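In this text, all values refer to a predicted model and were calculated from it rather than measured experimentally. Throughout, a chain's letter reflects where its sequence line sits, starting with A, and its residues are numbered from 1.
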Protein chains: 2
Amino acid sequence: MCELLGMSANVPTDIVFSFTGLMQRGGRTGPHRDGWGIAFYEGKGLRLFQDPAASAESEVARLVQRYPIKSEVVIGHIRQANVGRVCLANTHPFIRELWGRNWCFAHNGQLAGLDTTPGFYRPVGDTDSEAAFCDLLNRIRSTFPEPVPVEALLPTLVEACADYRRKGVFNCLLSDGDWLFSFCTTKLAHITRRAPFGPARLKDAELTVDFQAETTPNDVVTVLATEPLTTNETWSLYQPGDWSLWRNGECIAQGRREPDAISETTP
Amino acid sequence: MCELLGMSANVPTDIVFSFTGLMQRGGRTGPHRDGWGIAFYEGKGLRLFQDPAASAESEVARLVQRYPIKSEVVIGHIRQANVGRVCLANTHPFIRELWGRNWCFAHNGQLAGLDTTPGFYRPVGDTDSEAAFCDLLNRIRSTFPEPVPVEALLPTLVEACADYRRKGVFNCLLSDGDWLFSFCTTKLAHITRRAPFGPARLKDAELTVDFQAETTPNDVVTVLATEPLTTNETWSLYQPGDWSLWRNGECIAQGRREPDAISETTP
């Protein structure tokens with residue numbers, strides 16, 4: 001299994017605090033030693049830092065912790081390999097260009113029996129996760145050859161996630177740099193921080209931050225993670241089938257896809 | 001204009017020495033202040049470090065200098081913007097997946113009047129360089145929907161480069177992680193280092209390295225750059241129309257595309 005980290009904010013925000021917590025789970029407080037990655041959007045551009053080494057011992061991870069990169073959308077991941085060997089090509093998040101935008105995807109879980117008909121997008125590595133991402137983009141592309149607003153895309157996204165869920169565990173984060181989408185089949189949590197800001201204390205490291213000192217009253221910052229990263233705040237836990245869509249730190253759509261309802265309505 | 005750096009080697013090799021020289025030209029010994037990037041292949045995986053800040057002052061560039069990443073194929077670039085504003089999305093090298101491999105491209109020059117018919121691959125930023133890269137991949141994809149060996153691809157590659165050359169200056173580096181291709185219309189040089197190795201002295205920084213101490217007798221390492229990076233070695237300079245193809249540090253094909261011959265043979 002793996003762990004996910006996502007952020008959506010209405011101002012460029014550094015995620016060093018949450019990242020520091022997550023990185024400990026890559027070999028120190030957690031068993032996810034098989035690589036890590038984090039992608040920061042800067043406008044339509046995307047900075048990706050990755051390492052197949054354990055995050056708790058990674059030189060590149062230390063750079064990311066020392067050098068605060070401000071971003072409005074972030075997707076991070078630490079890996080405990082199940083499908084696919086430990087190497088850079090198998091390290092999340094995965095990136096592809098669709099409609100002239102960088103799409104970024106990370107997955108927690110395990111899928112069996114994915115249809116791997118070669119489509120336009122093809123996996124570079126050999127993980128089930130990248131295969132699912134390519135399949136998802138191939139579906140989107142064949143349904144919508146030209147760009148559509150994310151609201152029009154949502155039914156396709158949710159339907160694809162419901163399909164992957166039938167093949168195993170599929171907690172995921174997806175973004176095109178404008179919005180951030182999540183789907184939960186077993187474990188995912190979120191917290192939205194806004195004024196009045198208070199202190200937060202990490203669960204995985206001896207670190208407390210006072211967000212009051214680092215924010216303005218208008219800032220809205222949502223963080224998503226496989227499990228809550230702090231001990232003194234209340235995180236909302238998603239239920240199986242819950243999906244959410246975020247822009248500028250705010251939830252702009254959410255819902256629950258019941259497995260039974262799916263099997264009744266899907267041919 | 002910009003500057004290019006490429007490497008092809010038969011063993012994983014760090015490029016810190018050449019990178020250190022190139023980075024000086026990004027604001028110290030050269031005017032290329034508008035961002036830089038470098039991509040290191042690790043198998044089929046690709047590590048990309050980029051920054052829209054001047055390389056001579058970039059924190060991420062300092063990491064790359066401190067932390068030797070060993071790779072068999074590298075493409076680097078420093079930018080002096082002409083088309084497209086200074087931002088991450090306009091920073092070379094550019095990456096796309098084709099046939100389940102990461103393709104990487106960097107360009108030195110300026111193109112006018114490119115055909116920008118939207119194809120499958122679309123630019124994320126607004127540089128002429130990324131538009132040419134997308135056009136090149138669209139041509140390859142439409143000619144070869146399924147993977148072919150690079151030898152079969154060469155005529156398409158060279159023909160596309162000859163077309164771009166008609167629209168301006170087009171010095172470029174391209175790789176899929178296995179081979180490294182170059183095309184020169186104005187400025188490009190290369191050097192192949194093999195036993196017996198000797199010392200090399202950078203042109204742009206007070207730095208000498210003794211490759212003898214860092215290599216084995218079987219190592220073969222070719223470096224390509226817009227202009228020679230060292231003062232005590234003999235670099236081979238390419239002429240307009242020269243292209244070359246490298247694998248494991250060795251040149252596996254090369255040729256010259258004469259502009260007159262092109263206009264006579266192309267309808």
Side-chain angles (χ1 to χ4, degrees), chain A residues 35 37 39-53 58-64 66-69 71 84-92 94-103 116 118-127 130-131 133-134 137 141 145-147 176-177, chain B residues 35 37 39-53 58-64 66-69 71 84-92 94-103 116 118-127 130-131 133-134 137 141 145-147 176-177:
Chain A
F40 301 86
Y41 282 95
E42 283 184 30
K44 292 166 78 184
L46 189 60
R47 276 181 203 272
L48 177 62
F49 294 94
Q50 285 181 315
D51 209 338
S58 163
E59 181 70 29
V60 184
R62 279 191 282 271
L63 168 87
V64 176
R66 270 198 315 268
Y67 177 61
I69 295 168
S71 176
R85 66 194 174 90
V86 176
C87 65
L88 190 62
N90 286 343
T91 304
H92 304 228
F94 302 103
I95 315 284
R96 292 291 187 284
E97 175 255 314
L98 168 63
W99 300 334
R101 296 192 72 103
N102 286 308
W103 290 56
T116 51
F120 193 95
Y121 296 99
R122 298 184 185 183
V124 172
D126 44 18
T127 61
E130 191 190 11
F133 178 41
C134 291
L137 293 183
R141 186 129 212 169
E146 295 298 321
D176 78 340
Chain B
F40 302 86
Y41 283 95
E42 282 184 29
K44 293 166 75 182
L46 189 61
R47 276 179 203 273
L48 177 63
F49 294 94
Q50 286 182 313
D51 208 338
S58 163
E59 181 70 30
V60 185
R62 278 191 283 272
L63 168 87
V64 176
R66 269 198 315 268
Y67 178 60
I69 294 168
S71 176
R85 66 193 175 88
V86 176
C87 66
L88 190 62
N90 287 342
T91 304
H92 304 225
F94 301 104
I95 316 284
R96 291 292 187 281
E97 175 255 313
L98 167 63
W99 299 334
R101 296 191 72 104
N102 286 308
W103 291 54
T116 52
F120 193 95
Y121 296 99
R122 299 185 184 183
V124 172
D126 45 20
T127 61
E130 192 190 11
F133 178 42
C134 291
L137 293 183
R141 187 131 209 164
E146 294 298 321
D176 78 338

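No other option in A/F120, A/Y67, A/F49 has as many heavy-atom pairs under 4.5 Å with chain B as A/F120. Between chain A and the options B/I95, B/V60, B/N90, B/T91, heavy-atom pairs under 4.5 Å are most frequent for B/V60. Highest contact tally toward chain B, considering only A/E146, A/R122, A/K44, A/E59, is held by A/R122 [criterion: heavy-atom pairs under 4.5 Å]. With respect to chain B, the highest number of heavy-atom pairs below 4.5 Å among A/R101, A/E97, A/E42 belongs to A/E97.
Inter-residue side-chain proximity for A/W103 and A/F133 is flagged as met; some heavy-atom pair is nearer than 4.5 Å. Under the 4.5 Å side-chain criterion, counting only non-hydrogen atoms from C-beta, B/Y41 is in contact with B/N102.
Heavy atoms closer than 4.5 Å to chain A are found in the side chain of B/R96, but not in its backbone. For A/P118, no part lies under 4.5 angstrom from a heavy atom of chain B. Of the atoms belonging to B/L46, it is backbone heavy atoms, and not side-chain ones, that fall under 4.5 Å from chain A. For B/R66, the part lying under 4.5 angstrom from a heavy atom of chain A is the side chain only. Of the two parts of B/D51, the backbone and the side chain both hold a non-hydrogen atom closer than 4.5 Å to a non-hydrogen atom of chain A.
Between B/H92 and B/F94, the ring-plane angle classifies as tilted under the 30° and 60° cut-offs.
By the salt bridge (charged side-chain N to carboxylate O under 4.0 Å, His left out) test, A/R141 pairs with no residue at all, sequence neighbours left out. In this view, B/R85 satisfies the salt bridge (charged side-chain N to carboxylate O under 4.0 Å, His left out) rule with no residue, not counting sequence neighbours.
The shortest heavy-atom contact between B/P123 and B/A131 is CG-CA, 3.9 Å. Scanning all heavy atoms of the two residues, the minimum distance from A/P52 to A/V86 falls at O-CG1, 3.6 Å.
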